[in-house]
Structures are given as structure tokens and as C-alpha cells.
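FYI, side chains are in, hydrogens and waters are out, and symmetry mates aren't considered; it's all heavy atoms of this structure. Letters go in sequence order (proteins before strands), and every chain restarts at 1.
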Amino acid sequence: MKNLVIVESPAKAKTIEGFLGKDFTVKSSFGHIRDLPSKKLSVDVENNYAPDYVIPKDKESVVKELIKLSKSADLVWLASDEDREGEAISWHLKEALGLKEEKTRRIVFHEITKSAILNAVENPRTINTDLVNAQQARRILDRLVGYELSPVLWKKVKPNLSAGRVQSVSVRIIVERERQIESFQPNSAFRVLAYFNVDGMEVRAELSKRFDTIEETRAFIAGCENASFSVADLQKKPAKRTPAAPFTTSTLQQEASRKLGFGVTRTMRVAQDLYEQGSITYMRTDSVNLSDLALNAAKDEIVKLYGAEYAKTRKYSSKSKGAQEAHEAIRPTYMDKKEVKGDAAQQRLYDMIWKRTIASQMEDAKLERTTVNVSVSSSEIGFVAQGEVIVFEGFLKAYLEGTDDETEDTKGMLPNMTVGQDLDAAKVEGIERFSQPPARYTEASLVKKLEELGIGRPSTYAPTINTIISRNYVVKEGKEGVEREYGYILLDSNGIKEEVKTEITGAEKVKLFPTDIGKVVTDFLVENFTEILDYNFTAQVEKEFDEIADGQKEWTSMIDAFYKPFHKTTVHTAENAKKATGERLLGVDPKSGRNVYSRLGRFGPMVQIGEAENEEKPKFASIPAGKRMEEVTLEEALELFKLPREVGEFEGEKLTIGIGKYGPYVRHGKSYVSIGELDPMTITKEESITLIEDKRDELKKMMISEFKDGEDVVQVKNGRYGPYIAVGKKNYRIPKETEPESLTLADCKELIAKAPAKPKRGAVRKKK
DNA sequence: CAGTGAGCGAGCTTCCGCTTGACTT
């Protein structure tokens with residue numbers, strides 16, 4: 001073998017091999033091949049922050065193979081991405097494979113096209129050490145922050161918690177938004193709308209002023225009863241709309257959320273499938289750039305489908321200077337391929353990517369906006385009607401970007417009108433409208449916010465959200481709204497009618513809410529580690545990483561300047577800060593006269609009667625999930641101390657309701673059943689029995705067949721991962737092609753005998 | 001699987017960013 005080329009992704013390796021001919025073997029490193037081990041800090045803070053890199057277990061076989069191949073190659077071409085991380089991957093490869101300088105070439109390309117690859121091979125360079133050092137600084141700063149902050153939380157808040165440059169700011173964003181919503185005081189004002197009949201069309205016009213009070217509104221509408229309306233002014237103005245840029249990871253996640261209802265993890269999973277089948281370009285990118293090849297292909301497609309007047313070649317560039325443009329935007333590999341095979345999710349996502357890319361290369365839409373001012377004889381204030389007509393569709397023929405704003409008015413066409421024309425009002429209505437609190441974040445809108453702040457990377461947006469959810473800092477849930485009254489006045493041919501109507505407000509689809517733990521941790525970190533929780537912290541350190549990459553700054557001195565004061569703060573905080581519990585005094589227990597508190601304990605949110613310092617031991621009770629620690633009242637707290645409570649008997653055994661480690665439960669003899677959404681305070685005997693019977697049914701459904709084998713019981717069961725065989729505490733898999741219902745005892749025993757003797761997962765990890 | 005919350009102390013937890021499968025029984 002003459003040449004070994006190493007890229008990051010296996011799908012990319014396959015494509016490139018086709019371009020390079022038989023003298024080249026193309027392999028993939030599967031991303032980073034070395035990292036700091038997770039067990040220890042592995043940064044020598046006494047010795048210029050020397051990192052201790054290791055090859056993780058799951059990369060050992062990759063590295064072994066690459067070493068073997070590189071030994072038999074004349075030249076090794078390191079072709080990882082042209083950004084900070086990519087440069088570091090090349091450097092780690094060179095070190096781990098023991099590559100000699102003279103047989104190593106570093107090449108980069110931004111597009112997976114034959115000419116780009118061949119051009120790269122013609123222009124090799126050496127590894128850029130400054131860029132590598134910028135990556136090391138990034139890696140080590142993140143390790144120092146994460147591994148020194150988290151233990152402070154274990155000590156001051158609760159074990160198993162985590163903190164980091166990206167996740168902690170993400171949680172802060174959610175917490176602060178929730179507090180804005182909690183403290184929001186809505187204002188109300190009265191909108192007045194008039195509906196006119198013009199040539200059989202209804203024209204809706206809004207009064208140019210909103211009234212603060214219902215009295216003013218009432219007076220105005222009363223005046224309209226015998227008034228005449230006429231067109232005072234009419235203006236037409238041309239307007240245009242421009243298509244959105246092609247997709248990046250962030251905008252793809254946002255649009256898939258708005259238009260397809262996908263969560264960010266699902267979007268990335270489906271995009272990965274499309275990438276692996278060769279349908280789209282790489283899905284983790286922050287670039288909006290399209291290759292010349294793609295621009296031309298899009299143009300051809302647009303001319304063919306819509307005509308030449310619809311095509312307009314546009315070059316997009318990223319706003320941020322620091323954008324690491326290692327890839328193209330996300331686009332179809334072949335612009336003339338309008339559909340893909342695959343499941344519905346793949347087809348819908350691909351369709352969206354295709355339309356977005358095509359639209360980005362199309363002409364502006366041309367519109368005509370009409371504004372009509374309507375005067376009222378009874379008032380100085382007039383109405384305004386607005387209409388919008390599309391004169392030339394342009395890119396709208398293919399695609400329109402979605403919007404996060406749910407309240408946007410759609411403007412339609414207006415009939416022809418002339419200045420001075422008298423109008424006939426069918427009705428006039430005054431409606432009380434309330435100002436809206438800021439919107440809670442969805443997964444996708446949080447990604448948008450993080451990207452604006454420059455926090456996180458395309459490859460980490462989805463994992464970051466999963467982290468803050470799995471740490472229980474944030475929950476994804478919906479919320480029911482509450483009824484609210486609003487004033488309403490109607491004037492029509494029957495005269496004036498006034499009423500109080502109701503509407504639902506505050507209802508939410510699935511959104512991100514902070515938990516009590518998320519709030520307590522955020523408050524603690526903001527107070528004690530203000531710098532790191534600052535929204536601009538990442539931007540600040542990114543600037544310094546850029547200076548390291550440009551050779552203007554030495555990486556260890558940058559880390560040192562950060563670490564010295566940071567470390568001092570962690571030590572000081574660990575020694576001096578009070579435990580953060582979010583403690584709140586709820587009132588006094590009327591029975592004992594002792595104080596009642598709500599706070600965060602070692603096992604989560606709880607209520608407490610009495611203080612630990614007193615002679616009499618305090619009493620504790622858990623707050624069930626779904627009830628906010630910050631909202632618990634004295635009455636609710638006292639109720640919680642009534643658990644566990646008996647609700648009756650069933651089959652001769654007591655039914656007891658309690659809250660345990662895994663939430664509220666019904667206990668029946670030795671068996672426990674979770675009570676889920678039901679309220680443990682009010683659940684009845686009948687409901688408890690239903691829960692127990694349901695659980696029995698479910699267990700029955702799980703059981704496919706059962707055999708006696710001497711002492712042992714062999715069961716074929718349906719589990720989370722499909723059917724399996726259970727004997728005692730051990731489980732065995734069933735081959736996919738086997739019908740589990742058809743298994744006999746002999747079949748089961750054969751499968752059990754054939755099962756590979758596997759060491760336990762934990763044991764493997766410990767060996768290292 | 002279902003009784004904890006103080007403090008003692010064993011040993012454990014933890015970061016971000018680059019990539020995919022392996023595989024849960």
C-alpha cells in the first residue's frame with residue numbers, strides 16, 4: 001500500500017476512496033482517538049498543566065488497525081477537519097501512531113468533491129501547532145472547570161451533580177426565563193376592530209389606538225353606532241421577502257422542531273441516517289456555505305422546475321468571525337434527487353432540506369403591501385386595514401421558513417377601494433387583550449439561544465440538552481392553562497352588547513422547565529462562580545483561544561491566568577459557603593409549635609418539622625415530583641406528614657400509601673405499585689385496587705410461557721428490549737428469527753447452553 | 001426496589017467535543 005488517508009467519519013472515508021484511485025486507502029479515526037481519562041483530573045496543575053492523554057477503551061481497536069496500516073504505507077495523509085478539533089485529531093494521530101515527520105502529510109478540504117480532494121492532495125502542509133494548542137487549552141479549561149466545580153456541588157448541594165462551562169449556563173438560561181415568567185405582571189388594553197363589507201369581501205381594520213380602560217372603549221364604540229365610515233387614505237408599497245440561508249445544525253434543529261415536531265436528538269438521528277445513505281452532506285456544521293458544484297446544480301434544478309426567472313445564485317457567509325468552517329451547509333448531495341427511500345421521518349426531513357436549499361438559491365418574493373386608513377365621523381381616531389398581495393412568488397414557490405411566534409397575524413388580500421369611498425361597518429368589537437410573558441424555551445429555541453451566545457458546538461447541542469435533563473436540572477413537560485376573564489363589547493345590527501368572556505391562558509405544549517435542584521444549583525453557582533456563569537464567559541475565552549491559534553498567546557499562560565484565581569475561589573467556596581438547600585420557612589406546625597421548612601435534602605426536595613440543632617429530632621417527608629419546592633404551602637407540607645396512610649384492605653392485606661425512593665406508591669403486602677399521576681393524599685381504596693390489578697395484568701402479558709426444569713423455573717418473557725428467557729436472576733437473549741411463542745423447554749435449554757459467558761460490564765471497566 | 005435528610009467516612013460521582021455502533025436480557 002502506498003498511501004493511507006485518515007478522515008474523521010467512516011461515511012466520508014467511503015466517498016473519498018472513490019475519488020482517489022487504487023493507490024490510496026482511506027480509513028476513519030471515528031473522531032478523537034485520545035482524551036483525558038474520565039477517572040482523574042489528569043491535568044498536572046503543578047507542572048504547567050501537562051495533560052495525561054490516554055486512548056479510551058472503545059478506540060483501542062481503531063488505533064491498533066491504523067498503526068498496522070500506517071506501518072505498511074509510504075505516506076500517511078491526515079485529513080481530519082480544518083478546525084481546532086480536527087487539527088488536534090491529526091496531532092493525536094501523529095503521536096499515537098508514532099508517525100515520522102517525513103512520511104506524514106496534513107491536508108484539508110471543505111467539500112467532498114473530487115476536485116477539492118485532488119486539490120488538497122496537491123497542497124499538503126504540516127500540522128499547525130498553534131491551532132492544536134488552542135484545542136488543548138479548550139480541552140483543559142473545560143476539564144478544570146468541570147472537575148473542580150462538580151465536587152463543590154457534591155459537598156454543598158447534593159452528590160452526583162455536575163457543573164460545566166456549557167451545561168451550567170444552559171440551565172441558567174432556563175432558570176432565569178422561568179423566574180421572568182413567575183414575576184410577570186400582565187397589562188391589559190382594549191383592541192377595537194371594525195369589520196366592513198366591500199364588494200362581498202370582509203375587510204378587518206384595527207383602531208390605531210388601544211384603550212386602557214373599558215370605559216373609554218365603551219364610549220368609543222357607542223359613538224360608532226350612528227357614525228359613518230369612509231376611506232381617508234390608501235397607500236400601496238412594494239415589498240420583498242428574501243429566502244433563509246441553507247441549514248446549519250442549529251437551524252435544522254429549529255425548523256424540524258417547528259415544522260415536524262422533532263426533538264433535537266431525533267432530528268440528529270434521522271439526519272445521520274440520511275448522511276450515511278449518501279443523501280445529504282454532513283449534518284454537524286455551523287457553515288451556511290454551499291460549494292460551487294451545489295450552486296450550479298441548484299440553479300439547473302430551479303430552471304428546470306420553475307423557469308429561469310426564479311433562479312438567483314446567492315453566496316451565504318457566516319456572521320461570526322470565529323466560525324469554524326470545516327464543512328458545507330447541510331444540503332442534498334444531489335440536488336435533482338427530490339425524494340429518498342426510507343421511513344416517513346427520513347423523507348420529511350430530507351424534503352425540508354431539499355426545499356430549504358433550493359429556496360436559498362431562488363429570487364426574492366415580491367409583494368405589494370396596502371394600507372387603508374378609515375376615518376370615523378364620531379372620532380378623531382381612525383382604523384387601519386392592511387393587506388398583502390404576492391406579485392411574484394419567487395422562493396415562496398418552494399419553501400417558507402417557520403416562525404416561533406404563535407400570535408402573528410396573517411394578512412390577506414384587500415378588495416379594491418378608493419379614497420373617499422363610504423364603508424358599511426357590519427360590526428365593531430372591543431376586546432380586552434393581555435400582554436404575554438416571555439416564552440419558555442423548547443429544545444430547539446434553547447439551541448438557538450446557545451448558538452447566539454457562542455456556547456457549545458453543532459456536535460454538542462443535542463447531548464447538552466440530554467445532560468441537563470438527565471441530571472434532573474430541567475424537565476421537559478407540558479402545562480395546563482388556567483381560565484382568565486376578559487372584557488368584550490360588540491356593536492352590530494342588534495345594537496351594543498357587553499359581556500365578560502373567558503379564555504385559557506398559560507397552557508404550554510412540551511417546554512423546558514427548571515427543577516428545584518436546577519434552581520438551587522444555579523443560584524449557588526451564580527453567587528459563588530459569577531465569572532463562569534456569565535453569559536459572556538465562553539465568548540471571552542474563545543477570544544483567547546483564537547489568540548493562541550494565531551500564535552499571539554501561549555496556551556499555558558492563558559490557562560494559568562484563568563486557573564489560579566478560579567482554583568482559589570473553589571477552595572474558598574468549599575470551605576466557607578453555606579450548604580445550598582433553597583430552604584424556606586413555611587410557618588409553624590400548630591400541633592408541636594415547631595417551625596416547618598421546605599428545602600433540598602440529600603435525596604431531593606423535602607419538608608421538615610423542627611431544626612436539626614434541637615434536642616428533638618426533626619421529622620422529614622419527601623415532596624413528590626411535580627410539586628415545586630418553591631410553591632409548597634404550610635398546609636400541603638403538613639398533609640405530607642400524614643403519609644404513609646392506610647386506605648383499606650384488599651384480599652386480607654392492608655393497602656398503604658407512601659412516598660418512597662421511586663416516588664409515591666401503593667403497598668399491598670409485599671408488593672409495591674407506583675401510583676403515577678394520582679395524588680397520594682386523595683387516592684382511594686378503589687383506585688389502589690385498580691392499580692394493583694392493572695399491574696397484575698401487565699405482568700401476565702409479559703409472560704409468554706413458563707416451564708419447570710427440576711428445581712428451576714424457566715420463563716419466556718416480554719421485556720423492554722423484546723422477548724427473552726429468564727432463569728432465576730439470569731437472563732438470556734432469543735435470536736431475532738425465532739418466534740418466542742414456539743420455544744419449548746428443550747429449545748430454551750439449548751439457547752441457555754449456547755449463551756456466551758460474558759463478564760459483567762462493570763468488571764470490564766474496572767480492569768483498565 | 002420503597003423509610004433516608006445531622007455527621008462520621010469508605011468509595012463513588014464530574015467536564016466538552018469529535019465520531020459511530022454495540023447492545024441492553
*Under 3.5 Å, is there an N or O donor on one side and an acceptor on the other linking the side chain of A/Arg138 and the base of B/dC16?*
yes

*Check whether any side-chain N or O of A/Arg284 sits under 4.0 Å from OP1 or OP2 of B/dT19, and answer yes or no.*
yes

*Residue closer to the 5' end of DNA chain B, A/Ile657 versus A/Arg599 (nearest nucleotide)*: A/Ile657

*Strand DNA chain B as a dot-bracket string - pairs counted if Watson-Crick or G-U with both distances under 3.5 Å, | where the partner lies in another strand*: .........................

*Classify the nucleic acid contact of A/Glu148 as base, sugar-phosphate or nothing, counting any heavy atom under 4.0 Å across all strands shown.*
nothing

*Expressed in angstrom and rounded to an integer, what is the separation of A/Arg602 atom CZ from B/dA6 atom C1'?*
9 Å

*Does A/Arg34 count as lying over the ring of A/Trp91, i.e. NZ or CZ under 6.0 Å from the six-ring centre, within 45 degrees of the axis?*
yes

*Atom pair distance, as rounded to whole Å: CD1 in A/Ile609 and C1' in B/dG5*: 14 Å

*A/Tyr597 ring centre to A/Arg584 NZ or CZ under 6.0 Å, with the angle to the axis within 45°?*
no

*Write down the distance between CD (A/Gln136) and C1' (B/dC15), rounded to a whole number of angstrom.*
16 Å

*Nearest of B/dC15, B/dT13, B/dT4 to any side-chain atom of A/Trp154?*
B/dT13

*Considering only NZ, NE, NH1 and NH2 on the basic side and carboxylate oxygens on the acidic side, decide whether A/Glu148 and A/Arg143 come within less than 4.0 Å.*
no

_Any residue of residues 155-167 of chain A with a heavy atom less than 4.0 Å from an atom of DNA chain B_ = A/Pro159, A/Asn160, A/Leu161, A/Ser162, A/Ala163, A/Gly164, A/Arg165, A/Val166, A/Gln167

*Please state whether the base of B/dG3 and the side chain of A/Tyr665 form at least one donor-acceptor pair under 3.5 Å?*
yes

*Grab the CD1-C1' distance between A/Ile465 and B/dC16 for me, whole Å please.*
15 Å

*Just checking, any donor-acceptor pair under 3.5 angstrom between side chains of A/Tyr473 and A/Ser170?*
no

_OP1 or OP2 of B/dG5 versus the side-chain N and O atoms of A/Tyr597: is any pair under 4.0 Å?_
no

*Is any side-chain N of the basic residue among A/Lys59 and A/Asp35 closer than 4.0 Å to the acidic one's carboxylate O?*
no

*What does A/Tyr275 touch in the nucleic acid at a heavy-atom separation under 4.0 angstrom: a base, only the sugar-phosphate, or nothing?*
sugar-phosphate

*Taking the same atom, C1', in B/dG9 and in B/dT13, what whole-Å distance lies between them?*
16 Å

*Classify the side-chain pair A/Gln540/A/Glu544 by whether it contains a donor and acceptor separated by less than 3.5 Å.*
no

*asked:* Below the 4.0 Å mark, does B/dC18 have OP1 or OP2 next to a side-chain nitrogen or oxygen of A/Ser459?
replied: yes

*Between A/Asp589 and A/Lys619, is there a salt bridge with N-O shorter than 4.0 Å?*
no

*Can A/Ser162 and A/Arg471 be counted as having a side-chain donor-acceptor contact under 3.5 angstrom?*
yes

*Nearest-nucleotide pick for A/Glu276, side chain only, options being B/dG5, B/dC16, B/dG21*: B/dG21

_Using OP1 and OP2 only, check whether a side-chain N or O of A/Arg471 sits under 4.0 Å from B/dT14._
yes

*Let me know the distance between CZ of A/Arg34 and P of B/dC16, rounded to the nearest Å.*
22 Å

*Take atom NZ of A/Lys57 and atom C1' of B/dG21, then tell me their distance rounded to the nearest Å.*
17 Å

*For B/dT13, take OP1 and OP2 only and decide whether either is under 4.0 Å from a side-chain N or O of A/Ser150.*
no

_Toward the 5' end of DNA chain B, by each residue's nearest nucleotide, A/Tyr672 or A/Asp58_ = A/Tyr672

*A/His32 side chain, from C-beta outward: closest of B/dA2, B/dG17, B/dA6*: B/dG17

*asked:* For a quick check of understanding: with a heavy-atom distance under 4.0 Å over all strands, which category does A/Gly604 fall into, base, sugar-phosphate or nothing?
replied: base

*Residues A/Lys14, A/Glu17: salt bridge by 4.0 Å N-O rule*: no

*Is the A/Phe650 ring parallel, tilted or perpendicular to the A/His668 ring (thresholds 30°, 60°)?*
tilted

*Return the stacking result for B/dT19 and A/Phe30: yes when the ring centres lie under 5.5 Å apart and the planes under 30°, no otherwise.*
no

*salt_bridge(A/Glu87, A/Arg106) N-O dist < 4.0 Å*: yes

*To the nearest angstrom, how far is A/Glu611 atom CD from B/dA6 atom P?*
14 Å

*Kindly point out which of B/dC18, B/dG5, B/dT20 is positioned nearest to the side chain of A/Ser622?*
B/dG5

*Where do A/Gln136 and A/Tyr49 land on the side-chain hydrogen bond (donor to acceptor under 3.5 Å, both in side chains) test, with the steps shown first?*
CA-CA 10 Å; A/Gln136 297 203 82; A/Tyr49 306 95; over 6 Å; no

*When we call it a touch if two heavy atoms are under 4.0 Å apart, what does A/Pro151 touch: a base, just sugar-phosphate, or nothing?*
base

*Quick one: A/Phe641 CZ to B/dG3 P, roughly how many Å, whole number?*
18 Å

*Report yes if a donor N or O on one partner sits less than 3.5 Å from an acceptor N or O on the other, where the partners are the side chain of A/Arg143 and the base of B/dC16; otherwise report no.*
no

